Protein chains: 2
Amino acid sequence: MTRDPGGTPPGWRSVRKPASIKDVAAAADVSPTTVSHVLSGRRPVAEETAARVRSVVNRLGYVPASLARSLQAGFTSVVGLLIPDISNAFFADLAKGAEDAAHDLGYSLILCNTEFDPEREDRYLGMIRSRFIDGMVYAAGSPPSRQRLEALLGSFPIALADEEVEGLEGALIATADHEAGGRFVGNHLRELGHRRALALTGPRGLKSSTARASGFRQAFRGDVVERIGDFKESSGHRLVAEFLAEQRNLDATAIFAANDLMAFGAIAALREAGLAVPRDVSVVGFDDIRVASLSSPALTTVRQPAYDVGRTATAQLLQYAARGAVPPASRHTLPVELQVRDSTAQPAR
Amino acid sequence: MTRDPGGTPPGWRSVRKPASIKDVAAAADVSPTTVSHVLSGRRPVAEETAARVRSVVNRLGYVPASLARSLQAGFTSVVGLLIPDISNAFFADLAKGAEDAAHDLGYSLILCNTEFDPEREDRYLGMIRSRFIDGMVYAAGSPPSRQRLEALLGSFPIALADEEVEGLEGALIATADHEAGGRFVGNHLRELGHRRALALTGPRGLKSSTARASGFRQAFRGDVVERIGDFKESSGHRLVAEFLAEQRNLDATAIFAANDLMAFGAIAALREAGLAVPRDVSVVGFDDIRVASLSSPALTTVRQPAYDVGRTATAQLLQYAARGAVPPASRHTLPVELQVRDSTAQPAR
DNA sequence: GTAAGTCTCCAAAACGATTTGCACAATGGA
DNA sequence: TCCATTGTGCAAATCGTTTTGGAGACTTAC
């Protein structure tokens with residue numbers, strides 16, 4: 001983290017010291033003020049002088065130090081995006097939406113990949129307290145520490161994306177309509193004739209997950225057994241394997257997984273147990289990641305507008321953050337869509 | 001981009017002005033110097049005084065402004081990652097590796113998603129010139145402007161990831177062994193008995209793409225027709241459709257796509273033409289994105305260590321950037337692995 | 001009793017921009 | 001001739017840190 005200017009090994013080219021506004025001023029025989037005005041155009045400068053300054057700027061390759069500029073301006077035009085795992089396609093899409101929105105508004109985006117690690121999350125949240133970023137889009141993948149977030153929410157520009165935090169009022173929220181998604185799945189399975197289902201949920205405390213489950217339950221109106229997972233493929237596999245092992249009289253004909261990854265894990269476990277999808281068991285996912293349409297069987301799932309969630313959360317947040325304001329409570333619910341494919345069918349009698 | 005402190009609409013809470021080191025100093029009745037020393041530990045401070053300072057720091061919730069700190073220190077502990085498309089699984093994995101390496105070394109990572117847009121790329125490259133980032137990992141998805149890059153390479157810490165730029169010497173490069181990957185595919189197809197192949201390449205000027213093709217050609221030793229694509233699914237589809245349309249006597253029995261996405265596009269086009277994979281035509285991809293193993297048929301492809309490429313490039317770069325040095329030329333070639341799955345078979349006689 | 005260390009702490013100078021108040025000259029009109 | 005106006009550019013303060021070089025008060029040692 002610290003430099004040792006003296007100890008540079010031989011052969012290393014050091015970054016040559018860049019020109020500062022003072023260097024430009026000296027070379028053009030004007031004051032730094034004038035250089036600044038030429039570049040920003042905030043006050044008129046005689047064309048002759050301006051031309052001279054511009055020529056020196058080019059010759060020296062002068063680029064204003066953004067740090068100094070930001071320090072003086074009081075904002076950085078950088079926004080953070082905190083997500084658990086960028087290699088998860090859902091978050092990658094969300095990130096793309098966030099980056100697009102940020103770019104459109106002249107912001108850069110710092111990627112805060114937490115790997116579900118609270119310590120890492122803490123470090124990143126520190127960036128907003130140290131004012132290195134003007135705001136943060138928070139897309140927690142696991143139940144975040146409400147306490148930590150609560151202290152920040154009132155004082156800093158933060159938006160909650162995809163996931164709202166239970167018990168936390170007053171936040172700016174952009175999220176897919178998880179409950180409707182659950183309902184769609186419930187309807188679909190009920191209409192196919194299913195009456196007993198296994199629901200694989202996300203971690204406790206995640207509103208998105210509980211919303212999906214409750215929407216599902218409400219529309220399905222049949223027997224539902226719930227198992228708690230963690231959104232990973234492995235947990236889908238494990239939960240289903242365990243379920244099959246302990247299963248007595250209750251034999252579900254359908255599985256609703258909290259996301260596509262878990263659905264794939266579930267399918268793998270079913271296969272290992274000699275069960276075919278959808279002949280023996282129907283499986284539904286959530287997210288509609290690209291794999292869903294290409295896998296075999298193609299997965300019936302709920303398309304979540306990940307890109308739009310990221311984009312909306314960021315655009316809304318920056319509307320306030322750009323003015324140095326804390327966003328007021330507001331909710332942006334984005335529509336989801338059921339994608340019926342080949343992993344669901346009528347239950348075998 | 002500019003703030004209007006006066007025009008804040010009613011109901012907006014403004015971010016309250018954070019405490020500065022001076023506020024802390026005043027409240028603790030010491031000088032800012034002392035506060036700094038208490039916090040950094042760079043010089044001893046009487047325990048009694050230190051305790052008093054710490055208590056004030058807590059009470060005021062003081063966090064040093066990282067901007068000011070960076071300005072004074074001369075570096076930001078932020079590194080950029082420039083990629084064309086974060087929603088492409090390959091780059092998402094690469095990004096994860098980069099972020100991990102950055103985090104391990106105490107750096108944050110700015111995501112520069114260019115969408116193959118040169119203007120956007122330019123804007124991001126400006127960040128390194130304005131010294132907002134200490135270095136840049138450059139993973140171009142299209143032939144980058146050599147000129148622009150050349151000017152930067154000598155003066156700023158930049159690492160080339162995955163893609164080297166033809167005609168550009170002296171850079172730090174971390175890349176998968178594309179040529180070996182091409183050879184693996186060539187051998188595999190030849191051993192299966194294929195003699196005529198269609199190679200779908202990436203854009204001209206991309207070393208990775210030409211290396212794959214040349215490795216392939218060298219090992220395959222049969223007839224190879226080349227078509228130039230752009231790494232997108234759509235181009236795989238289009239090229240194959242065109243090829244089938246114009247095909248006369250030369251009928252290839254195998255297709256080697258420059259990446260998995262193009263391979264999927266190719267398979268789709270083949271299907272539409274009533275051809276089965278691998279019965280009528282074998283198809284091989286490159287990258288081994290997750291879909292590859294889940295699709296139907298599972299795709300034979302070359303596993304590229306995307307995560308490692310990102311991680312290596314970043315770790316190597318920061319080794320120099322952290323000392324304010326420009327990295328010397330060096331090449332880190334990471335091994336690839338052929339994944340034989342279900343999309344390749346012996347050619348029908 | 002004085003010289004040489006220790007402990008503590010502070011003042012001031014960076015870092016590199018932007019912003020604001022003024023000074024000075026030239027111009028125009030009365 | 002005098003005043004007001006416009007055009008042009010600079011000096012100095014500011015943003016919030018860190019880093020030096022001392023200063024002053026005590027000890028300790030001879």
Side-chain angles (χ1 to χ4, degrees), chain A residues 1-5 15 17-53 56-57 60-77 129-132 134 324, chain B residues 1-5 15 17-53 56-57 60-77 126-127 129-132 134 324:
Chain A
M1 296 287 288
T2 55
R3 310 200 170 197
D4 61 339
V15 177
K17 190 176 177 197
S20 79
I21 198 172
K22 283 185 199 160
D23 302 326
V24 175
D29 201 29
V30 296
S31 76
T33 308
T34 302
V35 176
S36 175
H37 286 150
V38 168
L39 262 32
S40 70
R42 294 187 75 85
R43 277 196 187 178
V45 173
E47 181 46 36
E48 192 189 3
T49 316
R52 185 153 35 97
V53 169
V56 172
V57 164
L60 266 49
Y62 168 69
V63 176
S66 43
L67 278 183
R69 198 207 287 270
S70 293
L71 176 59
Q72 138 78 31
F75 59 89
T76 59
S77 291
R129 314 195 62 189
S130 72
R131 283 148 287 155
F132 193 80
D134 292 345
Chain B
M1 294 284 291
T2 54
R3 308 202 172 200
D4 62 340
V15 177
K17 191 177 175 189
S20 79
I21 198 173
K22 283 185 199 161
D23 302 327
V24 175
D29 202 27
V30 295
S31 76
T33 309
T34 302
V35 176
S36 176
H37 286 149
V38 169
L39 262 32
S40 71
R42 295 187 74 86
R43 277 193 184 179
V45 173
E47 181 46 36
E48 192 189 1
T49 315
R52 186 155 31 99
V53 168
V56 172
V57 164
L60 267 48
Y62 169 69
V63 177
S66 44
L67 277 183
R69 197 207 289 270
S70 292
L71 177 60
Q72 137 78 30
F75 58 89
T76 60
S77 291
M127 294 201 331
R129 314 196 61 192
S130 72
R131 283 148 287 154
F132 193 81
D134 292 346

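Predicted model, so just to flag it, every value in this text is computed and none were measured. Chain naming here is simple, since letters A, B, ... match the order of the sequence lines and numbering starts at 1 in each.
Checked against side chain to side chain contact (heavy atoms under 4.5 Å, CB included), A/Arg131 has the following partners two or more places apart in sequence or in another chain: B/Pro18, B/Ala65. With sequence neighbours left out, A/Tyr62 forms a ring pair (Phe, Tyr, Trp, His ring centres under 6.0 Å) with no residue at all. The side-chain hydrogen bond (donor to acceptor under 3.5 Å, both in side chains) test applied to A/Glu47 returns A/Arg54, not counting sequence neighbours. With sequence neighbours left out, the side-chain hydrogen bond (donor to acceptor under 3.5 Å, both in side chains) criterion links B/Ser40 to no other residue. Take B/Asp29 and apply the side chain to side chain contact (heavy atoms under 4.5 Å, CB included) test, not counting sequence neighbours, and it matches B/Arg52. Qualifying side-chain hydrogen bond (donor to acceptor under 3.5 Å, both in side chains) partners for A/Ser70, counting only residues two or more places apart in sequence or in other chains: none. With sequence neighbours excluded, the residues that form a side chain to side chain contact (heavy atoms under 4.5 Å, CB included) with B/Thr34 are B/Val30, B/Ser31, B/Val38, B/Val45, B/Thr49.
Along DNA chain C, the nucleotide nearest B/Ala46 and the nucleotide nearest A/Ala65 are compared for position; the residue whose nucleotide lies closer to the 5' end is B/Ala46. Nearest-nucleotide mapping onto DNA chain D: of B/Leu71 and B/Arg43, the residue sitting toward the 5' end is B/Leu71. Toward the 5′ end of DNA chain D lies the nearest nucleotide of A/Arg52, the other residue of the pair A/Arg52 and B/Ile21 mapping further downstream.
B/Leu71 CG to A/Ser66 OG: the interatomic distance, rounded to the nearest 0.5 Å, is 10.0 Å.
In terms of heavy-atom proximity, A/Phe132 sits nearest to A/Thr76 at O-OG1, 3.1 Å. The minimum heavy-atom distance linking A/Ile21 with A/Val35 is given by the pair CG1-CG1, 3.6 Å.
Note that the first and last nucleotides of DNA chain C, 5' to 3', having any atom under 4.0 angstrom from a heavy atom of chain A are C/dG16 to C/dC22. Bounding nucleotides for the chain B contact on DNA chain D, 5' to 3', at a heavy-atom distance below 4.0 Å, are D/dG16 to D/dG22.
Heavy-atom distances under 4.0 Å link DNA chain D to A/Thr33, A/Thr34 of residues 33-40 of chain A, given in residue order. Near DNA chain C, meaning a heavy atom under 4.0 Å from it, residues 22-32 of chain A has no residue at all.
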Run the numbers on A/Asp23 and A/Ser20 for side-chain contact (heavy atoms from CB on, under 4.5 Å), then give the verdict.
CA-CA 5 Å; A/Asp23 302 326; A/Ser20 79; 3.5 Å; yes
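Two end axes, each from the C1' atoms of five base pairs, can be drawn for the helix from C/dG1-D/dC30 to C/dA30-D/dT1; they diverge by 60°, to 10 degrees.
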